[in-house]
Amino acid sequence: MPQPNDLSRSLVALDQDSTIIAVVEMSQSSWLVGGVLPGIERQPCKKLEPSAERLLGLLHRWRDEAVRAGKKITRIALAFEAGRDGFWLARWLRAHGVEAHVIHPSSVAVSRQHRRAKTDRLDTELLKRGFLGWLRGERGHCSMARVPTMAEEDAKRPNRKRECLVGERTRIVNRMKATLARLGIRNFKPTLRKAAERLATLQTPEGMPLPPNVSAELQRDMARLGFVVSQIKEIEEVREKRLEQEPETGSHAMVRLLARVVGVGIETADMLVHEVLSRPMRDRKAVARYAGLTGSPDESGAKRREQGLARAGNARVRRGMIQLAWRFLLFQKQSALAQWYRARTADSRLGTRKTMIVALARKLLIALWRFVTAGETLEGVILRPAG
């Protein structure tokens, strides 16, 4: 039986005589709109400036044209590929009575020729054929991305911004250390509380003070580092305050429940909940696939080999889960998953630990998903006291 959130095919019967089908090939400078109109032999294709109002006006004009041809239009279905513009257009069109869908770009089949022709018009035809097959309920033509609400998208921003700031902090620290290493200074730590004061007293191994341009550069980097660190603390403080004020609101209850697992901190729990665990997933296979923790086999005839991780899912979740899997082995040694991992890697073969840690990350993600959504217990896992 198809699941309600199965986006690999449409669950609504397609009546093509009463449905306008349209696709949009989007770019920064223009939108190319292709359509299939009931009662109209030609398949129109119109280039517009990037404007939602112009697009809606075009769809209404096509609807009126189909009505004049003697057809009764009860449905307007439109699709476009996920990209830089995000999901705002789908939400806007749905609010104006248009059935809007967002296509996974990697799910659209393309020609395998070495040098295939590629234009916006040809891409529009590819999207149109894939979208028609999806609307007919056939599998394999294309798959749709779930359109999140504005609140769901906004909930991801603090964690993603903190990730960017942590990367920026690391880049600044590494740049400062590299600058000082060129002068023979290796014992300076920019992240210490009194690093700015110590910077003014640094000397080279020859006993000379820092050159003036290098000193000015380091002072600027130190000021930038302080600003980045303050923003990271601000994000963390706001998150903690929100969890304390609204402990049972929305996804906050899931974050607090997940943070009870020893080895899982607030930062990891917040990332997992907002990136994957709060999404309506069909089954455990969909959870692993979304995280990009599934394999990509290459089989043909007698050839059997594994190409590694598919890497088609959420990279943040994949990186976070692999790091959490190593941490889980350290903090949850008596758990069933940790014992399973040790049994599989007992032979100490080369590469076994690295391969099996991915399998452990996949199993752990599925177990955490069941823990926060269905309340299933984690066998042998130590939990912190509630509160």
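Salt-bridge check for Glu125 with Lys128: passed, with a basic side-chain N closer than 4.0 Å to an acidic carboxylate O. Taking a cutoff of 4.0 Å between a charged side-chain nitrogen and a carboxylate oxygen, Glu25 and Arg121 do not qualify as a salt bridge. Salt-bridge check for Glu168 with Arg171: passed, with a basic side-chain N closer than 4.0 Å to an acidic carboxylate O. Salt bridge annotation for Asp154-Arg157: absent, with no cationic side-chain nitrogen under 4.0 angstrom from a carboxylate oxygen. Residues Arg239 and Glu267 are paired through a salt bridge, judged by an N-O separation under 4.0 Å between the basic side chain and the carboxylate.
Inspection of the Glu206 and Thr204 side chains reveals an N or O donor paired with an N or O acceptor under 3.5 Å.
Atom OG of Ser335 is separated from atom CG of Leu329 by 7.5 Å, given to the nearest 0.5 angstrom. Within the model, atoms OG of Ser27 and CG of Asp85 stand 9.0 Å from one another, a figure rounded to the nearest 0.5 Å. The CH2 atom of Trp340 sits 5.0 Å away from atom NZ of Lys363, with the distance rounded to the nearest 0.5 Å.
Considering only heavy atoms from C-beta on, Ile185 comes within 4.5 Å of Leu210 through its side chain. Under the 4.5 Å side-chain criterion, counting only non-hydrogen atoms from C-beta, Leu272 is not in contact with Val372. Residues Arg146 and Leu7 form a side-chain contact, since some pair of their non-hydrogen atoms from C-beta on lies under 4.5 Å apart. Here the side chains of Arg94 and Val147 are in contact, with some heavy-atom distance below 4.5 Å. For the pair Arg282 and Arg289, the minimum side-chain heavy-atom distance is below 4.5 Å. You'll find the side chain of Val108 reaches within 4.5 Å of the side chain of Leu127, heavy atoms only. Side-chain contact between Pro190 and Lys177 is present, with at least one heavy-atom pair separated by less than 4.5 Å. Residues Trp62 and Val33 are in side-chain contact: their nearest non-hydrogen atoms beyond the backbone lie under 4.5 Å apart.
Panel note: side chain Thr373, backbone Trp369; a donor-acceptor pair is recorded below 3.5 Å. Between the side chain of Arg91 and the backbone N or O of Pro148 there is at least one donor-acceptor pair closer than 3.5 Å. At distances below 3.5 Å, not a single donor-acceptor pair connects side-chain atoms of Thr19 with backbone N or O atoms of Gln16. Although no hydrogens or angles enter the test, the distance criterion places a donor-acceptor pair under 3.5 Å between the side chain of Arg384 and the main chain of Ala259. Looking only at distances, no side-chain donor or acceptor of Glu197 sits under 3.5 Å from a matching main-chain atom of Lys194. A donor-acceptor distance shorter than 3.5 angstrom exists from the side chain of Ser230 to the backbone of Phe227, with no hydrogens or angles considered. Checked by atom type and distance alone, the side chain of Arg284 never pairs as donor or acceptor with a backbone atom of Ile366 at under 3.5 Å. Remark: the backbone N or O of Lys303 is not paired with any side-chain donor or acceptor of Ser300 at under 3.5 angstrom. When atom types are taken as modelled, the side chain of Arg169 and the backbone of Thr191 share no donor-acceptor pair closer than 3.5 angstrom. A donor-acceptor distance shorter than 3.5 angstrom exists from the side chain of Thr119 to the backbone of Leu122, with no hydrogens or angles considered.
Here the closest non-hydrogen pair linking Leu258 and Ala269 is CD2-CA, 3.8 Å. Among all heavy-atom pairs drawn from Arg256 and Leu243, the shortest one is NH1-O, 3.6 Å. Residues Pro38 and Asp17 share a closest heavy-atom pair of CB-O, 3.3 Å. Shortest non-hydrogen contact noted between Leu89 and Ala52 is CD1-CB, 3.9 Å. Summarising the geometry of Ile357 relative to Tyr341, their closest heavy-atom pair is N-CE1, 3.6 Å, with the distance given to 0.1 Å. Considering every non-hydrogen atom in both Pro297 and Glu306, the closest pair reads N-OE2, 3.5 Å.
Applying the salt bridge (charged side-chain N to carboxylate O under 4.0 Å, His left out) test to pairs two or more places apart or on separate chains, those with a residue in residues 55-70 are Arg42-Glu65. The salt bridge (charged side-chain N to carboxylate O under 4.0 Å, His left out) contacts involving residues 315-332 comprise Glu163-Arg316, Glu163-Arg319, where partners must be two or more places apart or lie in separate chains.
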Next item on the list: Could you give me the CA-CA distance, side-chain angles and deciding distance for Met254 and Leu277, then say whether side chain to side chain contact (heavy atoms under 4.5 Å, CB included) is met?
Entry: CA-CA 8 Å; Met254 297 176 68; Leu277 298 181; 4.0 Å; yes

Next item on the list: Apply side chain to side chain contact (heavy atoms under 4.5 Å, CB included) to Leu337 and Gln332, showing your working.
Entry: CA-CA 9 Å; Leu337 288 176; Gln332 300 287 352; over 6 Å; no

Next item on the list: Given side chain to side chain contact (heavy atoms under 4.5 Å, CB included), test Asn314 with Val276 step by step and report yes or no.
Entry: CA-CA 8 Å; Asn314 191 315; Val276 59; over 6 Å; no

Note to self: Please determine whether side chain to side chain contact (heavy atoms under 4.5 Å, CB included) holds for the pair Phe131 and Met144, giving the CA-CA distance in whole Å, both sets of side-chain angles, and the decisive distance to 0.1 Å.
What the structure shows: CA-CA 10 Å; Phe131 189 37; Met144 298 296 171; 3.6 Å; yes

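A 6.0 Å sphere centred on CZ of Arg84 holds no more than 12 heavy atoms belonging to other residues, nucleotides or ligands. In the displayed structure, Gln334 atom CD is contacted under 6.0 Å by at most 12 heavy atoms of other residues, nucleotides or ligands. Residue-environment remark: CD (Glu379) stays at or below the threshold of 12 foreign heavy atoms within 6.0 Å. Remark: Lys46 NZ is loosely packed, at most 12 non-hydrogen atoms of other residues, nucleotides or ligands lying under 6.0 Å away. Other residues, nucleotides and ligands contribute only 12 or fewer heavy atoms inside 6.0 Å of the NZ atom of Lys72. Counting non-hydrogen atoms of other residues, nucleotides and ligands closer than 6.0 Å to CZ of Arg186 gives a total of 12 or fewer.
Linking Ile, Leu, Val, Met, Phe, Trp and Tyr whenever their side-chain heavy atoms come within less than 4.5 Å puts Leu365 and Leu257 in one cluster. A continuous path of ILVMFWY side-chain contacts below 4.5 Å connects Trp326 to Val317, so both sit in one hydrophobic cluster. Linking ILVMFWY residues whenever their side-chain heavy atoms come closer than 4.5 Å, directly or via other members, places Leu364 and Tyr290 in the same cluster. When hydrophobic clusters are built by joining Ile, Leu, Val, Met, Phe, Trp and Tyr residues whose side-chain heavy atoms come closer than 4.5 Å, directly or via intermediates, Val264 is not grouped with Val262.
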